[in-house]
2 protein chains.
Amino acid sequence: MAVTLKEVAERAGVSRSAVSRTFTEGASVSARTRAKVEKAARELGYSPNALASSLTTGRTKLIGLVSNNFHNPIFLEVFDLFTRGLQERGLRPLLVNLSDEVDPAQSIRMLRQYSVDGVIVASSTLPPSFAEAFRDAGLPVVHSFGRYTTSPYVHVVGIDNIACGRMAAEALVARGHRRVAFLGGPPRATSTQDRERGFLEALGGYSDVEVSVTHAAAYSFDAGRAEMARLLRAPPAEAYFCGDDVLSIGALSAISDAGLRVPDDIGIIGLNDMTMARWQNIDLTTIRQPLGEIIGSSIDLVIATIEDPGRHPETRLFPCRVIERGTLRPIPR
Amino acid sequence: MAVTLKEVAERAGVSRSAVSRTFTEGASVSARTRAKVEKAARELGYSPNALASSLTTGRTKLIGLVSNNFHNPIFLEVFDLFTRGLQERGLRPLLVNLSDEVDPAQSIRMLRQYSVDGVIVASSTLPPSFAEAFRDAGLPVVHSFGRYTTSPYVHVVGIDNIACGRMAAEALVARGHRRVAFLGGPPRATSTQDRERGFLEALGGYSDVEVSVTHAAAYSFDAGRAEMARLLRAPPAEAYFCGDDVLSIGALSAISDAGLRVPDDIGIIGLNDMTMARWQNIDLTTIRQPLGEIIGSSIDLVIATIEDPGRHPETRLFPCRVIERGTLRPIPR
DNA sequence: ATTCATTTTGCAACCGGTTGCAATATTCTT
DNA sequence: AAGAATATTGCAACCGGTTGCAAAATGAAT
């Protein structure tokens, strides 16, 4: 079916090695042979079999892109950036949908069978142990959107969720709120734990501020809406830091159903700044997570680790900032 | 690094073929050798190299999943279903992000280099010629969300966009609207063309109904909002069929900004029924496209075509239906 | 126990490439 | 023009598997 090296060699009247070399960066071929080979290749429509060559070179240029977040709209942006970024660097994303799977063993086996050069775990809800299992299997791995650690065992790229929690706290206090709350995602998600911790930590410094904490069952609209609806049955806080934008939008929906107004009756600040947060009918004040940088850096890091497998694990955190929109009242002056 | 067949063979004290056979479905191995091999494999942590075996078997179980829709939230659902569906059938999605690329040549070359077994083009905006180029390159291909043709040149799985246009028209007329309009996506998208055609066709039967047509620049919130804002500068129609849900949501935003009410002042019906359409703060009346069926069927079809490359191209269309929510007034009775 | 049919097994060639090495060709010195 | 240095080329082995074929082993039948 497909044209092979051998056929090109025969047509060009050269050895197979010569053909291989013309298609290998930096190999030694004379201009004359190269021309002959390229002509033959063009006529035959030849392009080298990446998989066959991977057998000897040990590189497939395949990167496992593993995620379990197929329901949060921000992950469409994440996949867009990852696939584009990988493609630009000549790498191919082999997408793995973890759905409800939490045991890495299966994915590891599969990704090794396909000899991926590296793995990117893109998830804010998987525990560190998940990515670590890949590393233990000898695969270069980067955990994007993972948890910050001072002595990381795998590469982590993301944001400082604790600092974000603090930032949210300061934002609410600065706006004069004195009864605030955290409406977090699932308690098992490390991102939720850290955001909560930072939030409480910062508010510990304000003795006149009252804080409470609750959790939604998932990072989802429905969960956010249900939890806010529940909260509204008792007198609610003045302002909420929601664990994530999609949760915020759910909360906003519940608030509006209850006939309350944002930001006058209740203030909301989210986290992520997904595209939808900018939509004028949502207009969510939120903490922006620099997706582009996180993803670009993740890719660079996985490449660096492929080139130097002994590389020491590192954590790369990118700064976030508050994006002012309409769900939090302005800072009084 | 990785354990090879040879090492397992040595440890088990059998030939390499024996090992290969124990891992090949339906090959002839005695229970005794199989046991020995499996033991050795387990001890060594061996799992066969899928790429190496693809060299001789001619199958990689890799499927190219090609799309250019990385901004429409419904495509997150699409990727979720595709990746899960493929995984369940033992196939691996190699994701290709076309972004602005419209020339298939590059993608074709890449996918052939990786010897994908088949290709799924998941896009409602790419022209039929795009998928056809894959077929011409000898790759089994299915165009999901593609255009219906009576004599297809490639497999197409999707919905009957013309029928959907008609369905939307009937829905508006049934609700007593007499001044209606189509707010389409980009005019070059075949889905837009067909939906428009069906819409106009059906309304041709009602001499007392006034119709108009405009187009948004893209299937996006911003484009829908901008176009509706423009429309509102003149007296608008009573009800709009928007080319897609995300467009509808943009339109709703413009309508609400203008101080008009839905469905009292203006009615909206969308198309897709993406998750977000159900969100209570959107509550969009829309035409549901059966994603699960379309995607399941696409996968089955690409598999069937891999097994029988001579298979005659076919079109599979799935019925859509109107989902009643809050953006269209009820049918008067 | 012998013969014959049926499994099981290993050999060796092959899939489509790459690469170390030695042979050959080319270019540069003097 | 001869010799040395450098560049190019082809051979052959290898990457990690699969598979047709013939030999060896097993089992059934007589």
Side-chain angles (χ1 to χ4, degrees), chain A residues 1-38 40-41 44-62 92 109-117 138, chain B residues 1-38 40-41 44-62 92 109-117 138:
Chain A
M1 192 87 200
V3 185
T4 75
L5 189 88
K6 194 169 148 227
E7 302 172 53
V8 177
E10 276 161 10
R11 174 174 260 251
V14 298
S15 73
R16 288 160 58 221
S17 332
V19 179
S20 173
R21 289 188 177 110
T22 47
F23 286 97
T24 307
E25 194 76 13
S28 166
V29 219
S30 70
R32 222 154 53 84
T33 357
R34 148 156 284 140
K36 279 194 293 184
V37 170
E38 280 175 348
L44 258 34
Y46 170 78
S47 70
N49 182 324
L51 269 23
S53 80
S54 83
L55 259 192
T56 34
T57 62
R59 290 284 165 84
T60 54
K61 296 190 171 259
L62 249 25
R92 314 293 161 197
R109 187 146 35 82
M110 189 239 113
L111 290 171
R112 297 193 72 188
Q113 288 188 333
Y114 281 84
S115 317
V116 295
D117 289 346
Chain B
M1 192 87 199
V3 184
T4 75
L5 189 87
K6 195 168 146 227
E7 303 173 53
V8 177
E10 278 162 9
R11 174 174 262 250
V14 298
S15 73
R16 288 158 60 221
S17 334
V19 179
S20 174
R21 287 187 178 110
T22 50
F23 286 97
T24 308
E25 194 76 13
S28 165
V29 220
S30 71
R32 222 154 54 83
T33 359
R34 148 156 284 139
K36 278 194 294 184
V37 170
E38 280 174 347
L44 259 33
Y46 170 77
S47 72
N49 181 326
L51 269 25
S53 81
S54 83
L55 216 42
T56 35
T57 61
R59 290 285 165 82
T60 55
K61 298 189 170 258
L62 249 25
R92 314 293 161 197
R109 187 146 34 83
M110 187 239 114
L111 290 171
R112 297 193 72 188
Q113 288 187 333
Y114 280 85
S115 316
V116 295
D117 289 346

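Values below: every heavy atom of this structure, side chains too, minus hydrogens, waters and symmetry copies. Proteins get letters first, then strands, A, B, ... in listed order; numbering begins at 1 in each.
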Can you list the residues that meet the side-chain contact (heavy atoms from CB on, under 4.5 Å) rule with [X], with sequence neighbours excluded?
X       : value
A/Ser53 : none
B/Thr56 : none
B/Ala35 : none

*Reading nucleotides 9-16 of chain D from the 5' end, what letters show protein touch, with B for base, S for backbone sugar-phosphate only, - for no heavy atom under 4.0 Å?*
BBBB-BBB
With [X], which residues qualify under salt bridge (charged side-chain N to carboxylate O under 4.0 Å, His left out), at least two apart?
X       : answer
B/Arg16 : none
A/Glu10 : none
A/Arg11 : A/Glu43
A/Glu38 : A/Arg34

*Excluding sequence neighbours, so at least two apart, what forms side chain to side chain donor-acceptor pair (under 3.5 Å) with B/Thr22?*
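Residues passing side chain to side chain donor-acceptor pair (under 3.5 Å) with B/Thr22: none at all.
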*Tell me, please, which residues at least two apart from A/Thr60 pass side chain to side chain donor-acceptor pair (under 3.5 Å).*
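Scan of A/Thr60 (side chain to side chain donor-acceptor pair (under 3.5 Å), adjacent residues dropped) gives A/Asp117.
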Filtered N/O pairs between nucleotides 23-25 of chain D and protein, under 3.5 Å:
none

*Got a sec: does the NZ of A/Lys61 have more than 12 other heavy atoms crowding it under 6.0 Å?*
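At most 12 heavy atoms, drawn from other residues, nucleotides or ligands, come within 6.0 Å of this atom.
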*Gap between atoms CD and C1', on B/Glu25 and D/dT19 respectively (whole Å)*: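 Result: 17 Å.
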*Please give the angle, rounded to 10 degrees, between the axes at the start and the end of the helix from C/dA1-D/dT30 to C/dT30-D/dA1, where five pairs define each axis.*
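Roughly 30°, once rounded to the nearest ten degrees.
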